[in-house]
K.L.:
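Could you have a look at this structure, given as structure tokens, before my questions?
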Number of protein chains: 2
Amino acid sequence: MASTKTRPAKQAKPLSRIQEVNRKAILDAALEVFATSGFRGATIDEIATRCGMSKPNLLYYFKSKRDIYQQVLEQTLEEWLGPFAAIDPNADPVEELRRYITAKLVMSEKRPEASKLFANEILHGAPVIHGFLETHLRQLVHEKAGVIRQWVSDGKLAPIDPYHLIFTIWATTQHYADFDVQIRAVIGSQAGKPGFYEQAAQAVLSIILNGIRPR
Amino acid sequence: MASTKTRPAKQAKPLSRIQEVNRKAILDAALEVFATSGFRGATIDEIATRCGMSKPNLLYYFKSKRDIYQQVLEQTLEEWLGPFAAIDPNADPVEELRRYITAKLVMSEKRPEASKLFANEILHGAPVIHGFLETHLRQLVHEKAGVIRQWVSDGKLAPIDPYHLIFTIWATTQHYADFDVQIRAVIGSQAGKPGFYEQAAQAVLSIILNGIRPR
DNA sequence: GCGCTGCTTGACCATTTGGTCAAAATGAAC
DNA sequence: GTTCATTTTGACCAAATGGTCAAGCAGCGC
């Protein structure tokens with residue numbers, strides 16, 4: 001994604017102290033607003049207000065609403081896919097998947113906005129990150145699918161379609177972030193309690209890992 | 001939900017032929033538009049145009065955008081929860097869950113808009129159906145959780161938290177509708193092919209059912 | 001202090017869009 | 001065909017919102 005990191009545009013202008021601070025503040029606020037309201041529902045004004053800034057001032061740093069949105073998305077994407085990219089072909093399959101699933105559940109608990117941001121983007125047809133999905137993500141998934149397929153060949157996992165396994169893991173883990181309102185409504189106060197996510201992790205791991213253990 | 005079915009308001013006015021036709025056309029169009037654009041993104045104009053109607057004419061049948069949205073949501077809810085409500089305590093657990101999961105995957109394939117509509121509503125905090133979630137859905141889930149717990153007690157299923165099992169099933173099955181764009185981008189043309197959903201069903205069933213089979 | 005560059009903003013504009021209304025068209029009953 | 005209720009619409013309004021701009025302000029090197 002992007003050229004280097006979060007530069008405004010071309011020609012690596014050094015990006016002053018105040019710029020760095022303000023751009024970060026904007027992106028942080030934008031993540032929350034976009035995650036809870038979606039792209040259409042979010043307003044520049046709300047993002048601006050949330051970081052104590054006027055609308056024109058915010059537009060001094062980003063040229064449009066779409067621009068902010070895109071950069072938040074790209075920035076969050078790396079972080080979000082980190083644990084997936086880190087899946088190690090040489091580790092023990094079940095342990096490695098346990099690690100990955102746990103990591104994703106922790107992310108869903110700690111940063112649900114990131115998950116919601118993507119969910120919303122994809123739900124509406126991925127207008128902004130469609131290209132990324134078809135190239136980078138596709139390549140990455142293809143690679144990891146190969147790893148899983150190898151594990152299956154080696155008899156270290158039950159025979160399972162790697163792609164659907166990946167989708168199942170994504171679906172279950174992200175569900176806890178994206179649908180937290182529903183979960184909270186259904187199970188009530190327990191959902192907020194400290195041990196809740198550990199309990200969720202245990203259940204999800206139990207289902208998926210036992211579902212794919214060699215037999 | 002709602003008083004009887006889809007009456008405009010109070011006092012069961014018989015609802016003329018033309019009303020019946022038009023209301024249905026509007027609700028059908030609205031489902032699609034709301035599902036793809038979300039509540040904020042949808043416009044009355046688009047819904048109206050899509051069923052060959054003028055905006056004021058549409059507002060003759062429904063008093064506001066919110067009103068249409070709410071009725072589409074309520075109408076689809078019943079249909080969506082049907083298979084869940086139909087889970088039979090007396091059937092064989094593994095077979096019954098296989099039936100349910102399969103039914104949900106079929107729905108995700110045939111009517112992805114319904115799934116997307118809910119996903120969007122919940123993602124944005126369930127402003128409209130929050131009450132429903134906390135009462136009816138909560139009660140229903142509680143009831144079915146009891147069934148699963150009983151199955152576990154009887155040794156017919158591996159020990160698993162009923163709620164998390166339900167969430168896992170919802171997450172995986174609905175993922176195929178809500179994130180279809182991502183799936184298509186990642187695995188390419190295969191996603192459209194006829195056998196794809198059967199393959200998905202097989203993989204999901206394999207993981208979940210083997211994950212909960214008594215051992 | 002001076003001047004210059006970079007940062008900030010009030011005022012403003014254009015577009016979109018939910019919703020209203022009075023008047024016209026249509027259909028049904030007789 | 002006349003009459004009345006139902007249905008349809010063009011024209012319109014008000015609010016929200018993305019985005020612009022010229023002018024003001026602030027920091028900083030000298």
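Below, chain A is the first sequence line, B the second, and so on; all start at residue 1.
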K.L.:
Among all residues two or more places apart in sequence or in another chain, which pass the ring pair (Phe, Tyr, Trp, His ring centres under 6.0 Å) test with Tyr100(B)?
P.N.:
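Testing Tyr100(B) for ring pair (Phe, Tyr, Trp, His ring centres under 6.0 Å), a comparison that skips the adjacent residues, returns Phe84(B).
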
K.L.:
Quick test of your reading of the model: are Arg50(A) and Glu46(A) salt-bridged, counting only N-O distances below 4.0 Å?
P.N.:
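Result for this pair is yes, salt bridge flagged.
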
K.L.:
Which whole-number value in Å describes the distance from Gln19(B) CD to dT6(D) C1'?
P.N.:
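Rounding to the nearest Å, CD of Gln19(B) and C1' of dT6(D) are 8 Å apart.
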
K.L.:
Give each protein N/O atom lying under 3.5 Å from an N/O atom of nucleotides 24-27 of chain D, with the pair distance.
P.N.:
none

K.L.:
In whole angstroms, how far is the C1' atom of dT8(C) from the CD1 atom of Ile26(A)?
P.N.:
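In whole Å, dT8(C) C1' lies 12 Å from Ile26(A) CD1.
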
K.L.:
Quick check on contacts: within residues 42-57 of chain A, what sits under 4.0 Å from DNA chain C by heavy-atom distance?
P.N.:
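Under 4.0 Å from DNA chain C: Ser54(A), Pro56(A), Asn57(A).
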
K.L.:
Without decimals, in angstroms, what is the distance between Lys65(A) NZ and dG19(D) P?
P.N.:
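After rounding, the reported distance stands at 8 Å.
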
K.L.:
Roughly, in whole Å, what's the span from CZ in Arg40(A) to P in dA16(D)?
P.N.:
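In whole Å, dA16(D) P and Arg40(A) CZ are 17 Å from each other.
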
K.L.:
For Arg17(B), answer base if it contacts any base atom (sugar-phosphate contacts may also be present), sugar-phosphate if it contacts only those atoms, and nothing otherwise; contact means non-hydrogen atoms under 4.0 Å.
P.N.:
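The residue Arg17(B) makes no contact with any strand.
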
K.L.:
Atom CG of Leu59(B) and atom P of dG18(C): how far apart are they, to the nearest Å?
P.N.:
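Taking CG of Leu59(B) and P of dG18(C), I get 9 Å after rounding.
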
K.L.:
Given the side-chain rings of Tyr163(A) and His142(A), with only the six-membered ring counted for Trp, is the space between their centroids under 6.0 Å?
P.N.:
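No; His142(A) has its ring centre 6.0 Å or more from that of Tyr163(A).
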
K.L.:
If you restrict it to nitrogen or oxygen atoms, what contacts under 3.5 Å exist between nucleotides 26-30 of chain C and the protein, and what is each distance?
P.N.:
none

K.L.:
How many whole angstroms separate atom CD1 of Ile18(A) from atom C1' of dC28(D)?
P.N.:
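After rounding, the gap between these two atoms is 13 Å.
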
K.L.:
So do Tyr69(A) and Val72(A) actually touch side chain to side chain, heavy atoms under 4.5 Å?
P.N.:
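Answer no - side chains too far apart.
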
K.L.:
Which residues pass the ring pair (Phe, Tyr, Trp, His ring centres under 6.0 Å) test with His175(A), not counting sequence neighbours?
P.N.:
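Scan of His175(A) (ring pair (Phe, Tyr, Trp, His ring centres under 6.0 Å), adjacent residues dropped) gives Phe179(A).
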
K.L.:
For the side chain of Ser64(B), counting heavy atoms from C-beta on, which of dT8(D), dC7(C), dG19(C) is nearest?
P.N.:
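For Ser64(B), the side-chain atoms sit closest to dG19(C).
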
K.L.:
Do His124(B) and Arg40(B) make a side-chain contact, defined as non-hydrogen atoms from C-beta onward lying under 4.5 Å apart?
P.N.:
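The answer is no; the side chains never approach within 4.5 Å.
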
K.L.:
Give me the one residue out of Ile44(B), Thr43(B), Thr49(B) that meets side-chain contact (heavy atoms from CB on, under 4.5 Å) with Lys55(B).
P.N.:
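By the side-chain contact (heavy atoms from CB on, under 4.5 Å) criterion, Lys55(B) pairs with just one of Ile44(B), Thr43(B), Thr49(B): Ile44(B).
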
K.L.:
Mind listing the closest non-hydrogen atom pair of Ala126(B) and Leu133(B) along with its distance?
P.N.:
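Smallest heavy-atom distance, with atoms named: CB-CD1, 3.9 Å.
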
K.L.:
Pick out which of Gln70(A), Lys63(A), Lys65(A), Gln71(A) makes a side chain to side chain donor-acceptor pair (under 3.5 Å) with Asp67(A).
P.N.:
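Looking at Gln70(A), Lys63(A), Lys65(A), Gln71(A), the match for Asp67(A) under the side chain to side chain donor-acceptor pair (under 3.5 Å) is Gln71(A).
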
K.L.:
Taking atom CD of Glu109(B) and atom OG of Ser115(B), what is their separation to the nearest 0.5 Å?
P.N.:
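Between Glu109(B) CD and Ser115(B) OG, I get 13.0 Å after rounding to 0.5 Å.
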
K.L.:
Enumerate, atom names and distances included, each donor-acceptor pair closer than 3.5 Å involving a side-chain atom of residues 201-209 of chain A, sequence neighbours excluded.
P.N.:
none

K.L.:
Using whole Å, what does the distance between atom P of nucleotide dT7(D) and atom OH of Tyr60(B) come to?
P.N.:
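My rounded result for the distance is 4 Å.
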
